[in-house]
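Below is one structure, written out as structure tokens; the observations come after it.
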Amino acid sequence: MRFDVLTIFPRMIYAYLDEGILAQALKRGLIEVRVTNIRDHADGPRRTTDDRPYGGGEGMVMKPEPIHRALTSIEKLQGRSMVILLSPQGETFRQSTAWDLADFDQLILICGRYEGIDERIRLACVDRELSIGDYVLTGGELGALVVMDTVSRLIPGVLGGERSTREDTFEDGILKYPHYTRPRVFLDHEVPDVLLSGDHEKIRLWRRVQAIKRTMEKRPELLETARLNEEDERILADLRTGRSQGPV
Ligand code: SAM
């Protein structure tokens, strides 16, 4: 997977990629990230990337020409390539969106600043507009990093070893079960006995009950679209009637 990020603040992107799992994935060649500074494609001695909005009003708008030149400077890989604009007005980025994007070979991410970018870039050059949530950030860089991070961990080998994302929160539409590690007692809270039992079937069932229970408590709306099997449906019915399955 190759990510191309268009930004006027390249160092914000490099800083995040410097450590952690993405840094490892870069080193191992599992992902590739190229950052294009939009300012390098701007005109004039000051390489200005913004201008006043037509029609007046507050704030500045990112000029279209530098973004367009930056876009055309990017080497398009053979295969599936997509241009994404980060924007609070886009469709909400979800785990399912990340799976869709993981099928591409190249994602080109445009980061806006100020009031946003000139509308004609969106109309003429953008395939998909993504928001990372219903709030307004100062720029698209955090959004681009959120997309890169989420998509990268779905690429085989990025998480290392046999680690699978299959049971992660949102994968089947519900939240993941709680985790415990040593010590056995911490701040008066004990590790649930079942996790020390060594009984794999009991542990599996306990985890499934916990996952469904916490989804009911924290994000009940997810259960309306979750992909639940027969056992899950039974657990859910029992939890709803107060008859939980296994040690809860
Ligand atoms: N004036 C715009 C509006 O009201 O819709 C907001 C522009 S925002 C201050 C500047 C840039 O930050 C946007 O162009 C976009 O790239 C990025 N941005 C802000 N919020 C975002 C969000 N929730 N998701 C993704 N990108 C966001």
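For ligands, and for the atoms within them, numbers begin at 1 and follow the listed sequence. Keep in mind that this is a model prediction, so the values were computed, not measured.
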I need the nearest protein heavy-atom contact for [atom]: residue, atom name and distance, please.
atom	value
atom 18 (N) of ligand 1	Pro88 CD, 3.7 Å
atom 16 (O) of ligand 1	Leu86 O, 2.7 Å
atom 24 (N) of ligand 1	Ile132 N, 3.0 Å
atom 10 (C) of ligand 1	Tyr114 O, 3.3 Å
atom 23 (N) of ligand 1	Tyr135 O, 2.8 Å
atom 20 (N) of ligand 1	Leu137 N, 3.0 Å
atom 1 (N) of ligand 1	Glu115 O, 2.9 Å

Arg39 bridged to Asp50 by N-O distance under 4.0 Å: no
Has Arg11 got more than 12 heavy atoms of other residues, nucleotides or ligands less than 6.0 Å from its CZ?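 It does not: Arg11 CZ has 12 such atoms or fewer within range.
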Which bit of Gln89 is near ligand 1, meaning a heavy atom under 4.0 Å away: side chain, backbone, both or neither?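 For Gln89, the contact with ligand 1 is made by the side chain alone.
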Can you tell me which portion of Leu85 lies within the under-4.0 Å heavy-atom range of ligand 1? Options are side chain, backbone, both, or neither. neither
Identify each donor-acceptor pair in which a side-chain atom of residues 101-119 lies under 3.5 Å from a protein atom, sequence neighbours left out, and give them as a table.
{"unit_1": "Asp105", "atom_1": "OD2", "unit_2": "Arg80", "atom_2": "N", "d": "2.7"}
{"unit_1": "Gln106", "atom_1": "OE1", "unit_2": "Leu77", "atom_2": "N", "d": "2.9"}
{"unit_1": "Gln106", "atom_1": "OE1", "unit_2": "Ser81", "atom_2": "OG", "d": "3.1"}
{"unit_1": "Gln106", "atom_1": "NE2", "unit_2": "Asp4", "atom_2": "OD2", "d": "2.8"}
{"unit_1": "Gln106", "atom_1": "NE2", "unit_2": "Glu75", "atom_2": "O", "d": "2.9"}
{"unit_1": "Arg113", "atom_1": "NE", "unit_2": "Glu141", "atom_2": "OE1", "d": "3.1"}
{"unit_1": "Arg113", "atom_1": "NH2", "unit_2": "Glu141", "atom_2": "OE1", "d": "2.9"}
{"unit_1": "Asp118", "atom_1": "OD1", "unit_2": "Arg120", "atom_2": "N", "d": "2.9"}
{"unit_1": "Asp118", "atom_1": "OD1", "unit_2": "Arg120", "atom_2": "NE", "d": "2.8"}
{"unit_1": "Asp118", "atom_1": "OD1", "unit_2": "Arg120", "atom_2": "NH2", "d": "3.4"}
{"unit_1": "Asp118", "atom_1": "OD2", "unit_2": "Arg120", "atom_2": "NH2", "d": "2.7"}
{"unit_1": "Glu119", "atom_1": "OE1", "unit_2": "Arg122", "atom_2": "NE", "d": "3.4"}
{"unit_1": "Glu119", "atom_1": "OE2", "unit_2": "Arg122", "atom_2": "NE", "d": "2.9"}
{"unit_1": "Glu119", "atom_1": "OE2", "unit_2": "Arg122", "atom_2": "NH2", "d": "2.6"}

Check each atom of ligand 1 against the heavy atoms of [X] and keep those under 4.0 Å away; list them by number with element.
X	answer
Ser131	23 (N), 24 (N), 25 (C)
Gly116	14 (O)
Val136	6 (C), 8 (S), 9 (C), 20 (N)

Counting heavy atoms only, name the option from Gly140, Ala144, Ser87 that's nearest to atom 25 (C) of ligand 1.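 Among Gly140, Ala144, Ser87, the closest heavy atom to atom 25 (C) of ligand 1 comes from Ser87.
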Any heavy atom of Leu130 closer to ligand 1 than 4.0 angstrom? yes
So, 4.0 Å and heavy atoms of Phe93: is ligand 1 close enough to count as a contact? no
Pairs under 3.5 angstrom only: tabulate donor-acceptor contacts from the side chains of residues 58-65 to other protein residues two or more places apart or in another chain.
none

With no hydrogens and no angle check, is any side-chain donor or acceptor of [X] less than 3.5 Å from a backbone partner on [Y]?
X	Y	result
Arg207	Tyr177	no
Ser131	Glu91	no
Thr169	Lys176	yes

Any N or O of Gly143 closer than 3.5 Å to N or O of ligand 1: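 Looking only at distances, the answer is no, because the N/O contact criterion of under 3.5 Å is not met.
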So, is Gly112 polar-close to ligand 1, with some N/O to N/O distance under 3.5 Å? yes
Looking at Met216, Glu231, Lys213, which one forms a side chain to side chain contact (heavy atoms under 4.5 Å, CB included) with Leu236?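 That would be Met216.
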Locate the shortest heavy-atom distance separating Asn37 from Ile8; write the atom from each residue and the value.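 Nearest pair, atom of Asn37 first, then Ile8: OD1-CA, 3.7 Å.
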Are side-chain heavy atoms of Ile21 and Arg153 found at a separation under 4.5 Å?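 Ile21 does not reach Arg153 side chain to side chain.
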Would you kindly say whether Glu171 and Gln95 are connected by a side-chain donor-acceptor distance under 3.5 Å?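 Judged by distance alone, the side chains do pair up.
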